[in-house]
Q: 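Below is the structure I would like to discuss, written out as structure tokens.
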Amino acid sequence: MDTKFESKLETIRLHYKIWMEDVSGTGILGDGKWKMLKLIEEKGSMKAACDELGYTYRRTWGNLKKIEDFFGFPLLEKHRGGSEGGNTQLTKEGKRLVAAFDKFHSSVDETIQRGFNDFMIDLRS
């Protein structure tokens, strides 16, 4: 095999995104919203999660509202300020949605990685 070709194979990295749509093609849930929900739960703040991911608060709020409207349950429990400051956590249903997407994503990741490995083997043979 050509050494230039072989050296190029070493630089290939797999990247992909997962998202789900309704029948009209409107996005429901995907990698970005999933990461946002996980970060909100971790940080206890939608603003802090938005800042970390570089998302605007207003757009994020709208995206999460669309998920709530689609599934018919709230994703977030918001507790306003006070001396300790407020916090935001996922609802029980929100946690269940994130856990289900975690499990789904893990399964898809394994399948795609196996497919990518087979692809690389085929290129090398």
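Because only heavy atoms are used, hydrogens play no part in the values below, and waters and symmetry mates are left out as well, while side chains stay in.
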Q: To the nearest 0.5 Å, how far apart are CD in E41 and CG in N87?
A: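 Those atoms lie 9.5 Å apart.
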Q: According to salt bridge (charged side-chain N to carboxylate O under 4.0 Å, His left out), does anything in residues 9-25 pair up with another residue at least two apart or in another chain? List the pairs.
A: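 Every pair satisfying salt bridge (charged side-chain N to carboxylate O under 4.0 Å, His left out) with a residue in residues 9-25: E10-R124.
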Q: Please set out all donor-acceptor pairs under 3.5 angstrom arising from side-chain atoms of residues 66-73, sequence neighbours excluded.
A:
from: E68; atom 1: OE2; to: L75; atom 2: N; distance (Å): 2.7
from: D69; atom 1: OD1; to: K65; atom 2: NZ; distance (Å): 3.0

Q: Tell me the ring pair (Phe, Tyr, Trp, His ring centres under 6.0 Å) pairs involving residues 12-55, sequence neighbours left out?
A: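 Of all non-adjacent pairs touching residues 12-55, those that pass ring pair (Phe, Tyr, Trp, His ring centres under 6.0 Å) are W34-F101, W34-H105.
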Q: Taking side-chain hydrogen bond (donor to acceptor under 3.5 Å, both in side chains) as the definition, give me every residue that meets it alongside T56, ordered by chain and number, with sequence neighbours left out.
A: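 With sequence neighbours excluded, T56 shows a side-chain hydrogen bond (donor to acceptor under 3.5 Å, both in side chains) to no residue whatsoever.
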Q: Of all residues at least two apart in sequence or in a different chain, which pass the salt bridge (charged side-chain N to carboxylate O under 4.0 Å, His left out) check with D31?
A: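 Checked D31 against salt bridge (charged side-chain N to carboxylate O under 4.0 Å, His left out); zero matches.
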Q: How would you list, by chain and number, every residue that makes a side chain to side chain contact (heavy atoms under 4.5 Å, CB included) with Y57, sequence neighbours excluded?
A: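 With neighbours one apart ignored, the set is M46, K47, C50.
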Q: K43: which residues meet the salt bridge (charged side-chain N to carboxylate O under 4.0 Å, His left out) condition with it, sequence neighbours left out?
A: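 Salt bridge (charged side-chain N to carboxylate O under 4.0 Å, His left out) list for K43, sorted by chain: E52.
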Q: Quick one: which residue pairs count as a salt bridge (charged side-chain N to carboxylate O under 4.0 Å, His left out) with a foot in residues 103-120, not counting sequence neighbours?
A: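 Every candidate salt bridge (charged side-chain N to carboxylate O under 4.0 Å, His left out) pair involving residues 103-120 fails, so no pair, neighbours aside, qualifies.
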Q: For D102, which residues count as a salt bridge (charged side-chain N to carboxylate O under 4.0 Å, His left out) partner, sequence neighbours excluded?
A: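 If we apply the salt bridge (charged side-chain N to carboxylate O under 4.0 Å, His left out) test to D102, skipping adjacent residues, the hits are K38.
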Q: Is there side-chain contact between L90 and L76, with heavy atoms separated by less than 4.5 Å?
A: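 They are in side-chain contact.
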Q: Only counting residues at least two apart or in another chain, list the ones meeting side-chain hydrogen bond (donor to acceptor under 3.5 Å, both in side chains) with K8.
A: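 Not a single residue meets the side-chain hydrogen bond (donor to acceptor under 3.5 Å, both in side chains) criterion with K8.
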Q: Are F116 and I121 connected into the same hydrophobic cluster when the rule is that any two of I, L, V, M, F, W, Y join if their side-chain heavy atoms are below 4.5 Å apart?
A: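 No; tracing contacts between hydrophobic side chains, which count when under 4.5 Å, never links both residues.
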Q: Is F119 close to L14 at the side-chain level, that is, under 4.5 Å between some pair of heavy atoms?
A: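 No, side chains not in contact.
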Q: side-chain contact (heavy atoms from CB on, under 4.5 Å) for T60 and M36? Distances and angles first, verdict last.
A: CA-CA 8 Å; T60 298; M36 175 58 68; 3.7 Å; yes
Q: So, taking the atom named CZ in R96 and the one named OG1 in T91, what distance separates them when rounded to the nearest 0.5 Å?
A: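 One gets 8.5 Å once the value is rounded to the nearest 0.5 Å.
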Q: Going by the rule side chain to side chain contact (heavy atoms under 4.5 Å, CB included), which residues pair with E42 if we only count those two or more places apart in sequence or in a different chain?
A: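 E42 satisfies side chain to side chain contact (heavy atoms under 4.5 Å, CB included) with L39 only.
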Q: Within this structure, what is the CD-OG distance for the pair Q89 and S45, rounded to the nearest 0.5 Å?
A: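 It is 10.0 Å, given to the nearest 0.5 Å.
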Q: Look up atom CD in E77 and atom CD1 in I40, then write down how far apart they are to the nearest 0.5 Å.
A: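 Answer for the CD-CD1 pair, E77 versus I40, is 12.5 Å.
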Q: Taking side-chain hydrogen bond (donor to acceptor under 3.5 Å, both in side chains) as the definition, give me every residue that meets it alongside K35, ordered by chain and number, with sequence neighbours left out.
A: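 K35 satisfies side-chain hydrogen bond (donor to acceptor under 3.5 Å, both in side chains) with no other residue.
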